[in-house]
*Asks:* 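Before I ask anything, here is the structure I am working with.
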Number of protein chains: 2
Amino acid sequence: MRPTSIKDIARLANVSHSTVSRALRDSPLVNHETAAEIRRLADKMGYRLSAAARSLVTQRTDTIGVVVTTIADPFAAGVVEGIEEAANEHGLSVLLANSNADPERELRVVRTLEERRVDGIIVTASRVGALYIPELERMQVPIVLLNNQHPGEFAHSVMIANTEASEALAGHLIGLGHRQIAYLGDRFGRESDAERFEGFRRALTAAGLKLEKRFVVHGDGRPEGGHEAMARLLEGPRRPTAVFCYNDMSALGALLAIREAGLRVPADISVTGFDDLYLAQYTEPPLTTVRQPMRRMGRLALETLIQLLAGDRTKRNLKVPGELIIRGSTAAPQRKL
Amino acid sequence: MRPTSIKDIARLANVSHSTVSRALRDSPLVNHETAAEIRRLADKMGYRLSAAARSLVTQRTDTIGVVVTTIADPFAAGVVEGIEEAANEHGLSVLLANSNADPERELRVVRTLEERRVDGIIVTASRVGALYIPELERMQVPIVLLNNQHPGEFAHSVMIANTEASEALAGHLIGLGHRQIAYLGDRFGRESDAERFEGFRRALTAAGLKLEKRFVVHGDGRPEGGHEAMARLLEGPRRPTAVFCYNDMSALGALLAIREAGLRVPADISVTGFDDLYLAQYTEPPLTTVRQPMRRMGRLALETLIQLLAGDRTKRNLKVPGELIIRGSTAAPQRKL
DNA sequence: AACACCATTGCACACGTGTGCAATGATTGT
DNA sequence: ACAATCATTGCACACGTGTGCAATGGTGTT
């Protein structure tokens, strides 16, 4: 059984399908009473317009594509929540696509979005396979990148102010009296890692501290990598009194490694994260970090897209400030140096 | 500029659009050489078929709707990852819809999915607003519920074996020597909460232990609620030696409350969770829990849907076993009673 | 040579909706 | 009373793709 169409309604209402179409779209070109009757019938028959048929003629799908590396990443999930929320308010649907950092899937994803004729695309892939960006570029569709920059002119972006936030966070550690501060980065972090490191470096420089090479290590942005990198840091003869981690996930691993080494946080070592994931409140001790307003960033990305869809093509590169969240994982170093 | 259509290709190839359509669908009804030429042209012109136009005639959209309460819930995210992965393999796209436990949004979501003519729907809303289920029921579309049952005949389901897993988990505590075990539930948990409690109860009964009413409290399934409920448990004169929490999130809050009370886990109190979220490995101490294979459950739900789409309408109610994961948050009680 | 058969192609319609234009009848103004 | 205006409606086409059927021309068979 096909779903009921406007033709079915037209038949019962003794009018043409044109009139039904107009009536349901609240066009003033229809007699008020017939319109009411038509709406009554439509409701009674459980009519739902066919988005496919409409989009065929309007050349819009009212659908946007959201590409993430994996939705299992809490950051991506937070962002997508914001996107979806705002999209819903604007009458847009969200087509979700996980790229899984797999080149083959990335291409398939792009192909799908193209066939689906999405009106716009938001890409939230921290470790974006640069491979498929050119593919996206071919499509004549507005694209907004989230926490990911691209040199080309084709894409707009919403980014967290990595450098500024990192500088503030490192400043907090320095303010507590730390002098031996390590940077535990993400070797897949690309620009984000570079920018956070830059902020970190600036704070040290501003305080006249020297950056020691052996105090710069890299994980993979996840607990496993943070754990392993932290363990390496602790091997050395002199250990840092504080560790600045690329993100909360890395910090989680670092906390574990420190615990395993029989040291205490923050008494022996202070630890900071980045993101302020939900779990950062519940680590032991609760994690000092920088809050990325994920939901708001998602909304912002969507609203940027809306502007672009409305025809306003001015280049947009929004920068969202992070918020310093000070919790129990940072404190003054135990002993003066 | 419109995207190129098969008509454009037809013009350049000096054939009718029918031939192009056939060629691109690898129909044997086309001369091999012309087909090759057409494909060459299509590729050169960057042709992408219009999913909307096709679905209009095929009456299929190759799209499924996935309804979650909020994608920011790590469990939902894990499930959706599995769904998306499998959907992709089957050539299906995923339309994501957050219901946000908001009745108004739920209705809008259903409406959207209906207009989009999704081929099927998967609902992963632990706290499902029973409100819109009848709405879904109206649609003539296969529906798979995940970790959520519904009496009606219309829906199929994939569920974790709550009772069995809970019984095993509670059995683990009893085996360690615990006799005073509290249940920290989720007042919004509905069937899930009821079933986990049932498993818990069975284990106690089997061991000849009495269930004390004051040892049964309820949170909200999140750290905040777990924290508050645990605090209540600790107020009493005699406190339990172990707490069985509805899920990992609740356990997170419980851990915090215990720490705030100056007690240690597992020395003073053992704690268990449920779900085995990523973070369960990184709590202090790491959490004993039951693993729900979220990704696999997502895949399973999708594959069930595929079966239904293929026309096989036999009622399916899959039950997935949970896996007991024993970590550091449980140990034998300190002193004998 | 007449016939049947086959490969290939185009015609025409369908899917469900939106809309410019013309047609119709009614209302208003002078 | 006549013309001009207005409200309402239907016609016909468009959007892009898929497919049953007929048409065409060629090949092989008897």
Side-chain angles (χ1 to χ4, degrees), chain A residues 1-39 41-42 45-63 91 111-112 114-119 140, chain B residues 1-39 41-42 45-63 91 111-112 114-119 140:
Chain A
M1 249 286 287
R2 290 187 189 296
T4 67
S5 73
I6 55 174
K7 290 185 187 175
D8 301 326
I9 301 179
R11 203 170 308 122
L12 265 73
N14 278 319
V15 294
S16 72
H17 81 274
S18 315
T19 303
V20 176
S21 173
R22 292 196 182 99
L24 296 180
R25 297 181 57 70
D26 291 317
S27 158
L29 295 181
V30 185
N31 177 282
H32 198 64
E33 292 168 27
T34 36
E37 169 66 6
I38 288 172
R39 275 192 292 270
L41 270 175
M45 302 171 71
Y47 170 76
R48 283 290 127 88
L49 81 72
S50 160
R54 167 184 287 194
S55 74
L56 201 52
V57 23
T58 61
Q59 300 284 349
R60 303 189 38 189
T61 53
D62 293 318
T63 302
R111 186 188 185 106
T112 303
E114 223 171 334
E115 294 187 344
R116 293 289 202 279
R117 302 285 193 272
V118 291
D119 293 335
Q140 288 310 321
Chain B
M1 248 287 284
R2 290 187 191 298
T4 67
S5 73
I6 55 174
K7 289 187 189 175
D8 301 326
I9 302 178
R11 203 171 307 123
L12 265 73
N14 278 320
V15 295
S16 71
H17 80 274
S18 314
T19 302
V20 176
S21 173
R22 293 197 182 99
L24 296 180
R25 295 179 59 71
D26 291 316
S27 158
L29 294 181
V30 186
N31 177 283
H32 199 64
E33 291 168 28
T34 35
E37 169 66 5
I38 288 172
R39 276 192 291 270
L41 270 174
M45 301 170 74
Y47 170 76
R48 284 290 128 90
L49 81 72
S50 159
R54 167 185 287 197
S55 73
L56 203 52
V57 24
T58 61
Q59 300 284 348
R60 305 190 36 188
T61 54
D62 294 316
T63 301
R111 187 187 184 105
T112 303
E114 223 171 332
E115 294 187 345
R116 294 290 203 278
R117 302 284 193 273
V118 292
D119 293 337
Q140 288 309 323

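So that the names make sense, note that chain A is the first sequence line, chain B the second, and so on, each numbered from 1.
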*Asks:* Could you check Val57(A), Thr63(A), Thr58(A) and say which one makes a side chain to side chain contact (heavy atoms under 4.5 Å, CB included) with Arg60(A)?
*Replies:*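 With Arg60(A) as partner, side chain to side chain contact (heavy atoms under 4.5 Å, CB included) holds for just one option, Thr58(A).
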*Asks:* Taking all non-hydrogen atoms of both residues into account, name the closest pair between Asp119(B) and Asp62(B) and its distance.
*Replies:*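 Closest approach of Asp119(B) to Asp62(B): OD2-N, 2.7 Å.
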*Asks:* If you look at every strand shown and take non-hydrogen atoms under 4.0 Å, does Val20(B) touch a base, only sugar-phosphate, or nothing?
*Replies:*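 Result for Val20(B) = nothing.
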*Asks:* For Ala52(A) and Ser55(B), which heavy atoms make the closest approach, and how far apart are they?
*Replies:*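 Looks like CB-OG, 3.6 Å.
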*Asks:* When every nucleotide of nucleotides 16-21 of chain C is labelled 5' to 3' by its protein contacts under 4.0 Å (heavy atoms), B for base, S for sugar-phosphate only, - for none, what sequence of letters results?
*Replies:* BBBBBB
*Asks:* Just how far, in rounded Å, is C1' of dT24(C) from CG of Asn31(A)?
*Replies:*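 It is 15 Å, rounded to the nearest whole Å.
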*Asks:* Is there a side-chain contact between Arg117(B) and Gln59(B) in this structure, where contact means two heavy atoms from C-beta onward sitting under 4.5 Å apart?
*Replies:*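 Contact flag for Arg117(B)/Gln59(B) side chains = no.
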*Asks:* Salt bridge or not for Arg39(B) and Asp26(B), using N-O below 4.0 Å?
*Replies:*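 Salt bridge flag = yes for Asp26(B) with Arg39(B).
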*Asks:* Just to be sure I understand the rule, does Thr34(A) reach a base, reach only the sugar-phosphate, or reach nothing, if contact means heavy atoms closer than 4.0 Å?
*Replies:*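 Sugar-phosphate contact only.
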*Asks:* Is there a side-chain contact between Val15(A) and Ile38(A) (heavy atoms, below 4.5 Å)?
*Replies:*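 Touching, per the 4.5 Å side-chain cut-off.
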*Asks:* Considering every strand and a 4.0 Å limit on heavy-atom distances, what is the contact class for Asn14(B): base, sugar-phosphate, or nothing?
*Replies:*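 Here Asn14(B) touches the backbone only, sparing every base.
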